[in-house]
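Chain identifiers are assigned alphabetically (A, B, ...) following the order of the sequence lines, protein sequences preceding nucleic acid strands; residue numbering begins at 1 within each chain.
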2 protein chains.
Amino acid sequence: MERIRQVMQQMITVSDEELNNFLSQAFTKTFKRQEIVSRPQVVPNEIFFMNKGLIRVVIADNAGQEHTIHFALEDQFISDYSNFMLQQPSFYTLQALEETEVIVLPRTAIDWGYKNLQEGEKMGRLIAEYYFIYQDNRIKNTYSRTPKERYDNIAAVFPNIHNRVPQHMIASYLGITSVHLSRLKKASR
Amino acid sequence: MERIRQVMQQMITVSDEELNNFLSQAFTKTFKRQEIVSRPQVVPNEIFFMNKGLIRVVIADNAGQEHTIHFALEDQFISDYSNFMLQQPSFYTLQALEETEVIVLPRTAIDWGYKNLQEGEKMGRLIAEYYFIYQDNRIKNTYSRTPKERYDNIAAVFPNIHNRVPQHMIASYLGITSVHLSRLKKASR
DNA sequence: GAAAAGTCTAAACATTTGTTATCGTTTAAC
DNA sequence: GTTAAACGATAACAAATGTTTAGACTTTTC
């Protein structure tokens, strides 16, 4: 649990004792390639911290078509955070695309942290703000940039993504078909 | 400043005295129809609370085309919150579409609140979380629903929007042209 | 290491969406 | 109240994007 300590210490002022107490409520879990980490229609009661590996977040539309809407990389928190907060059933599937190790933070631990860590609320605010900025940036880009521009820039958001994720999932993330992405790449050669 | 008091009291436990001290650092400002509330390329140092009226948030793409990406209604907070936090120049234009009255919360007041309100950090977290959920929902919908479906549902997100905002701005928000929206409406008759 | 599954490109064709222009109507400004 | 501007629908055409199928290549699995 070394990396999560570092990440938390970068965000807030927190003593070793506080960290120990907080992390004693967490545990490690591993997933194989392709394994499902979290399923839709279940209330998410955990937040995951990515120790190793890669998780994609998927949503299905009314026609049953799957859309990849996010990739989670090392040192990041991942969850259906909305429905974790709302305590409502998730719409998302979380799937490990590589051998993945996460730290599981149960709701009880999160709530304990808000109450008992000196800067617990602040950490909650900073995480929410961090992901707000990520989402805002993303929405901004969908309006103001073409899929090709976003493709050309995607490694800035997800480092090394091209070597870790098949192109059709990237196309899905961009909101276009893999055939179309292939065409766009060809056109710029 | 009655409504902002109520909104804050619904979010956190806060004494009258705290509220008085906090709000004494805020002031009211009015804008006429079409007036610009906030401009791009300026660091946003204020968060606005909507007392009355309607503000749209606009971003321009590389081709100079404008896209309406958000509407702010009564009792909501509005700002380029990302760049407020990052203290970087905004990409957004905020424009009043109606006679609008806002409460201006300068950065100094916000920072004061985090420090000195008993539950200041918590309020920050709740606001960030609230808008996170809004954005998440929005991203979810862009992937899993058609523009027509989102059009049919838009009044759930922005009550009475059809009577307050011209259709081509709604089309812009949906990411389609006004001509196309007109076509979609016709097809479902 | 062989078989199976997955991946990317390509082409042909279908469908969706954008562009431009026009027209009748509504709304806003003086 | 009158005039100018804005608005929404529509049609014709152009461009962008999706669908389906096929084939070559790569990766995974046993």
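The phosphate of D:dA6 (OP1 or OP2) has no side-chain N or O of B:Q167 nearer than 4.0 angstrom. Checking the phosphate oxygens (OP1, OP2) of D:dG8, no side-chain nitrogen or oxygen of B:S178 falls inside 4.0 Å. For the pair A:K186 and C:dT9, the criterion of a side-chain N or O lying under 4.0 Å from OP1 or OP2 is not met. OP1 or OP2 of D:dG8 lies within a sub-4.0 Å distance of a side-chain N or O belonging to B:H168.
Closest to the side chain of B:V179, out of D:dT19, D:dG8, C:dA21, is C:dA21. Taking every side-chain heavy atom of B:P166 into account, D:dC7 is the closest of C:dC8, D:dC7, D:dT10.
Rounding to whole angstrom units, CD1 of residue A:I176 and C1' of C:dT9 are separated by 14 Å. Rounding to whole angstrom units, CZ of residue B:R150 and C1' of C:dT17 are separated by 14 Å. Rounding to whole angstrom units, CD of residue B:Q34 and P of C:dA29 are separated by 7 Å. To the nearest angstrom, P of D:dT29 lies 11 Å from CD of A:E99. For the pair B:I170 CD1 and D:dA6 C1', the computed distance is 15 Å after rounding to whole Å. Put simply, CG on B:L184 is 13 Å from C1' on C:dT15, counting in whole angstrom units. Taking atom NE2 of residue B:H180 and atom P of nucleotide D:dA12, one finds them 18 Å apart after rounding to whole Å. The NE2 atom of A:H162 sits 11 Å away from the P atom of C:dC8 (whole-angstrom rounding).
Between B:Y173 and B:F71, the ring-plane angle classifies as tilted under the 30° and 60° cut-offs.
Take A:F77 and apply the ring pair (Phe, Tyr, Trp, His ring centres under 6.0 Å) test, not counting sequence neighbours, and it matches A:F49.
B:F48 does not carry B:K29 over the face of its six-membered ring by the limits of under 6.0 Å from the centre and within 45° of the normal.
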Expected list for residues 62-69 of chain A: side-chain donor-acceptor pairs under 3.5 angstrom, two or more places apart:
residue: A:N62; atom: ND2; partner: B:E149; partner atom: OE2; Å: 3.3
residue: A:H67; atom: NE2; partner: A:D61; partner atom: OD2; Å: 2.9
residue: A:H67; atom: NE2; partner: B:Y143; partner atom: O; Å: 3.4
residue: A:T68; atom: OG1; partner: A:R56; partner atom: NH1; Å: 2.9

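Looking at B:R183, its side chain comes within 3.5 Å of the base of C:dG18 through a donor and an acceptor atom.
Cluster annotation: B:V179 and B:L184 are assigned to distinct hydrophobic clusters (Ile/Leu/Val/Met/Phe/Trp/Tyr, side-chain heavy-atom contacts under 4.5 Å, transitive).
The residue among B:P147 and B:R33 whose nearest nucleotide of DNA chain C lies closer to the 5′ end is B:P147.
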